[in-house]
Amino acid sequence: MIGVFDSGYGGLSVLREIAKRLPQYSYLYLGDNARAPYGTRSFDCVYEFTLQAVRYLFDQGCPLVILACNTASAKALRTIQQRDLPDMDDPTRRVLGVIRPTAEKVGEISKNGQIGIFGTPGTIASESYDIEIAKLWPDFHVYGQPCPMWVPIVENMEMNTPGADYFVEKYVNQLFGKQPEIDTVVLGCTHYPLLYDSIRRFVPPTAQVISQGEIVAESLADYLRRHPEMEHRLQRSEQCEQGAGPCSPQITCEQGPVPCSPDITYLTTEHPSKFQDMASVFMGQPVENVTKIQLS
């Protein structure tokens, strides 16, 4: 299985795109909803919680875990990769994040190197995007804008309200007040795609707005092509057990072309019924197979 972790629901927007791009695998999603949001927590706290989740997903048989959470990617990923993984009983397991693939993509999109980042206060304060983009594109300039009200708006299902438009316009104006020539805007939180229509209305038409789901999905597909030793360890969905490698939604198995459908199981630290309702919005379809767990 591929493990996908987020502090709450936002990572489901990434899982949705990954499962669409790579439907031949089984997925285990873990949302630490009882302790969300992570965006305002300290680095030490986010690291501790994220490591607990990673260990749990490893214990469930996931050799590969995606941190589909910008805050966890910003505050915990590097430490887990460099300090914790080498000391675990199986150091060949891997943890990947969402910031590096996004940083790679902005270089392909931007024409003038002026990049805007919308994110939680924690992600923006970490300057993780600034650091990753500087490594790849040293001539680019990055402008971060914390958006503390956007996640509560999404999780309270207030996306299509005047209040949502007020806070979207407020943060967009603050960002472009720093640099009017920004031509590429990154939605640096996995909740933000649910506000895409409102954000697009207020962002100048000269700027592109990119969300992370498709970027991370394509990056993961490329990673598995380059690392067949990991790809071979991943559990197939029941409908795709005979597939030999990464495939499209229609693959040719021994019995002929069959629809490829991912197996997805959901874990939450909150009540399953509450998780199901919100998760169904992010996934665009009814969510089942939800189990409550406790992280420690």
Side-chain angles (χ1 to χ4, degrees), residues 1-6 11-30 50-51 53-69 72-73 76-108 132 135-136 190 212-267:
M1 290 183 289
I2 297 175
V4 180
F5 170 69
D6 183 43
L12 293 163
S13 65
V14 174
L15 173 62
R16 180 177 178 175
E17 295 301 325
I18 292 176
K20 184 189 303 182
R21 176 67 179 80
L22 300 168
Q24 68 270 35
Y25 301 116
S26 295
Y27 297 90
L28 183 59
Y29 182 87
L30 170 54
T50 303
L51 181 59
V54 168
R55 289 186 184 277
Y56 190 94
L57 289 169
F58 282 167
D59 289 344
Q60 303 310 303
C62 299
L64 176 64
V65 173
I66 309 299
L67 300 186
C69 173
S73 295
L77 176 62
R78 187 178 300 275
T79 303
I80 291 174
Q81 287 176 330
Q82 296 180 353
R83 190 175 74 185
D84 298 298
L85 280 179
D87 293 332
M88 292 184 182
D89 56 349
D90 181 1
T92 66
R93 294 175 297 197
R94 292 291 178 264
V95 183
L96 305 176
V98 296
I99 293 177
R100 177 76 179 195
T102 309
E104 293 173 348
K105 193 66 177 181
V106 298
E108 302 174 14
E132 290 298 329
K135 291 177 183 176
L136 299 168
T190 50
Q212 296 173 302
E214 292 183 5
I215 294 171
V216 174
E218 186 55 42
S219 177
L220 178 58
D222 178 66
Y223 176 85
L224 294 176
R225 283 192 294 267
R226 293 184 290 105
H227 295 85
E229 74 286 353
M230 176 59 73
E231 197 280 328
H232 292 320
R233 297 174 66 182
L234 300 178
Q235 179 180 327
R236 304 279 164 177
S237 69
E238 291 184 0
Q239 296 187 42
C240 202
E241 289 180 349
Q242 299 182 57
C247 61
S248 64
Q250 288 289 124
I251 70 165
T252 301
C253 295
E254 291 181 3
Q255 68 270 36
V258 296
C260 205
S261 178
D263 294 330
I264 305 176
T265 302
Y266 302 90
L267 305 174

Over all atoms of both residues, closest heavy-atom pair of [X] and [Y]:
X: Val14; Y: Ala68; answer: CB-CB, 3.9 Å
X: Ala72; Y: Leu67; answer: O-CD1, 4.0 Å
X: Phe58; Y: Pro63; answer: CE2-O, 4.2 Å
X: Val216; Y: Ile18; answer: CG1-CD1, 4.2 Å
X: Leu30; Y: Phe5; answer: O-CD1, 3.3 Å
X: Thr190; Y: Gly11; answer: OG1-N, 3.3 Å

Once you round to the nearest 0.5 Å, how far does [atom1] of [X] lie from [atom2] of [Y]?
X: Ile99; Y: Glu104; atom1: CD1; atom2: CD; value: 12.5 Å
X: Tyr266; Y: Leu28; atom1: OH; atom2: CG; value: 10.5 Å
X: Thr92; Y: Arg233; atom1: OG1; atom2: CZ; value: 3.5 Å
X: Leu51; Y: Thr79; atom1: CG; atom2: OG1; value: 9.5 Å
X: Glu231; Y: His227; atom1: CD; atom2: NE2; value: 12.5 Å
X: Gln212; Y: Ser13; atom1: CD; atom2: OG; value: 8.0 Å

> Would you call the rings of Tyr25 and Tyr27 parallel, tilted or perpendicular, where under 30° means parallel and over 60° means perpendicular?
Replying inline: perpendicular

Sub-4.5 Å side-chain heavy-atom contact between [X] and [Y]:
X: Leu224; Y: Leu64; value: yes
X: Ile80; Y: Leu77; value: no
X: Leu220; Y: Ile2; value: yes

Give a yes or no on whether the backbone of [Y] and the side-chain of [X] come within a donor-acceptor separation of less than 3.5 Å.
X: Glu17; Y: Ile215; result: no
X: Ser26; Y: Arg236; result: yes
X: Ser237; Y: Pro262; result: no

> Is any NZ, NE, NH1 or NH2 atom of the basic residue among Arg225 and Glu218 found under 4.0 Å from an Asp or Glu carboxylate oxygen of the other?
Replying inline: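 A salt bridge links Arg225 with Glu218.
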
> Does the distance from a Lys or Arg side-chain N to an Asp or Glu carboxylate O, for Glu132 and Arg78, drop under 4.0 Å?
Replying inline: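 Judged by the 4.0 Å cut-off on N to carboxylate O distance, Glu132 and Arg78 do form a salt bridge.
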
> Considering residues, nucleotides and ligands other than Glu214, do more than 12 of their heavy atoms fall under 6.0 Å from its CD?
Replying inline: no

